[in-house]
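Heads up, the thing below is written out as structure tokens.
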Protein chains: 2
Amino acid sequence: MTEANLCRTDLVAVLMTVRDETPHILTLRNGSSLPAGPLKSAHRSLQKGLRAWVEQQTGFHLGHIEQLYTFGDTQCEDGMRLVRISYMALTSTSTDEGDWRSVYDYFPWEDRRRGDTDVILTQIVKHIRKWSDGRSDRHRRCAIAFGLDNHPWNDELVLQRYELLWEAGLVAESHIKGEFILHSRAMSDDYRRVLATAMSRIRARIRYTPAVFDLLPMHFTLFQLQQTMEALAGRFMHKQNFRRLVLSQHLVSETGSYEQAGQGRPARLYRFDPAGSENCYLAGAKLPLSPVTLSS
Amino acid sequence: MTEANLCRTDLVAVLMTVRDETPHILTLRNGSSLPAGPLKSAHRSLQKGLRAWVEQQTGFHLGHIEQLYTFGDTQCEDGMRLVRISYMALTSTSTDEGDWRSVYDYFPWEDRRRGDTDVILTQIVKHIRKWSDGRSDRHRRCAIAFGLDNHPWNDELVLQRYELLWEAGLVAESHIKGEFILHSRAMSDDYRRVLATAMSRIRARIRYTPAVFDLLPMHFTLFQLQQTMEALAGRFMHKQNFRRLVLSQHLVSETGSYEQAGQGRPARLYRFDPAGSENCYLAGAKLPLSPVTLSS
DNA sequence: CCTATATATGCTCATGTTGAGTATAATAAG
DNA sequence: CTTATTATACTCAACATGAGCATATATAGG
């Protein structure tokens, strides 16, 4: 009964930072792999183990760490199952060391800030429509994922989009060989799916947790904050409204000093204010709850 | 280097349903354990393996299945690490078979619909204030988790609350022996933490995915839907506004028939409408994004 | 010094969403 | 017929959001 539950277990890390207004990840083997290694039993929790392992290997200080997903689909040569536990870790440390690559090399269709992304998407739509032709379930999934038929573009659906492209044979990793492969960087061992999971997760996280601040220096301008959000979301935001939103939540407080002037009026510098972070529900519980209060 | 990554791997399932306006879970060993078993290598993906395993063991049809978290803290007798991959599964099948128990037996403080929950919470606050006395970080965590100091009660923080109680030595499973233990049902092997994770997750899920409908029969009234949500959230909702919200999202469509009248005016019966489910962001992306549309 | 340009910041306003009710409709029980 | 009970419809103030205009403060070039 219990002889079958021995598995090889690996940790996989998506180490993310934002530089040059673009999210970057640490890669290995010429961009085709993510940092991964066997689970050592030295640490009490997996999370602590991962932190220690990555910090030791890379020398970076890690901010927010989050477990993503545990994959068990892979079979080893020896017939044993390989379980891979994936994590996302954020860092603001930017070094030239290590092979950092833009996330959008792997998902060019996810950066809606570039004007030419529409060209890629038009291409995708053409092929994916062919794949979903006559299958209403596929058609609906595509419409929702890619924002067709009056559906809005939902930037959090990175994983759904990647899986559709995989199913339709439009990426190199796919199990079927389509006659057309999208121009984008591939990865081995399904690591690109792990990366898609990470992007979905971070795009969701920045909305209602203060996770972005782990990607910023101690002091920053509101526009730097905005640009970091934009880099992750792959979308432009309305500058004045972004200010209003952030300031109204008291997520940041003024440092009193100003940015080293470049062009134009110098911007105020702010720091993250943890005291306001519990209000960081930019989105949030919109159920029509009746109020509940407890007298402390 | 690779000799250390052999682990025992177990699947753990939180099988949830709602009956009698209360969320229930399937338990074992007199309520002290959850269904768990070794990972068999028969199935291609973990998710499919779990579904087959639970459906075979229990005979229930499972709706929404979701991976919760992978725990690696446990050490076996033989020195090998035990990795436990936990899942939540929803079912609307209600049978008398199996040892189903109310979730609120394990977390009485989470059901804010009962008037006497305030008594429990007052008790908790008394002890937890003592524990956090003079430690501002602890004080802040408690305030946010338990809705003190003008913080609103956030029903999604089930796990945070449980972990605080655990740290403070107020639950039986705790590593430290407090002089006071809260009246609530305990579990072995940290299963209660898994359950807390599941409750946190489902309370988040019902807000912006149509997961609730997996807990309802095919046809239902709006008030049944509301009561199911209330059971999970542990909160009462405003009836008229709940209707408005659900109907405005086109999440349901009328069946044309009416409930078998009990008291009062008979209620219309509805069914879930998957066509509207992509609008199920009751909460959602409230970033001030600039609009993006793609001409299909 | 004056002007053009660039950026930051402040403010307005129409529209939509939410919280908290009041009002009305349709049934059962007495 | 009256009352109790539940379902459903509608109102209204407060607040949040999307979109844009207006002003402030810097640099660069004449």
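Here is the naming used below: chain letters follow the sequence lines, and residue numbers restart at 1 for every chain.
Taking atom CD of B:Glu254 as the reference point, atom C1' of D:dA7 lies 13 Å away to the nearest angstrom. Note: CZ (A:Arg243) to P (D:dT17) measures 17 Å, nearest angstrom. Rounded to an integer number of Å, the gap from A:Gln260 CD to D:dA26 C1' is 13 Å. In this structure, A:Phe242 atom CZ and D:dG18 atom C1' are separated by 16 Å, rounded to whole Å. Rounded to an integer number of Å, the gap from B:Lys239 NZ to D:dT8 C1' is 9 Å. Rounded to an integer number of Å, the gap from OH of A:Tyr258 to P of C:dT7 is 19 Å. Taking atom CG on B:Asn241 and atom C1' on D:dC10, their separation rounds to 12 Å, with Å as the unit. Residue A:Leu225 contributes atom CG, which lies 13 Å from atom P of C:dA8 at whole-angstrom precision.
Among B:Arg112, B:Glu230, B:Glu110, the single residue meeting the side chain to side chain contact (heavy atoms under 4.5 Å, CB included) criterion with B:Arg235 is B:Arg112.
A salt bridge links A:Arg129 to A:Asp149: at least one charged side-chain nitrogen sits closer than 4.0 Å to a carboxylate oxygen.
With the nearest nucleotide of DNA chain C identified for both A:Arg244 and A:Tyr270, A:Tyr270 has the one nearer the 5' end.
The 12-atom threshold is not exceeded at CD of A:Glu97, counting heavy atoms of other residues, nucleotides or ligands nearer than 6.0 Å.
Regarding contacts with the backbone of C:dG10, a side-chain N or O of A:Arg268 is found under 4.0 angstrom from either OP1 or OP2.
Between A:Phe213 and A:Phe272, the two ring planes are parallel [angle under 30°; tilted spans 30° to 60°].
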Note to self: Applying salt bridge (Lys or Arg N to Asp or Glu O under 4.0 Å) to B:Arg207 and B:Glu156, what does each step give before you reach the verdict?
What the structure shows: CA-CA 10 Å; B:Arg207 295 201 142 77; B:Glu156 296 182 24; 3.0 Å; yes

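Under the ring-ring contact (aromatic ring centres under 6.0 Å, His included) criterion, B:Tyr69 pairs with B:Phe71, sequence neighbours left out.
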Margin query: Protein within reach of the bases, or only the backbone? For nucleotides 22-30 of chain C, mark each nucleotide 5' to 3' as B, S or -, using heavy atoms under 4.0 Å.
Written below: B--BBBS--

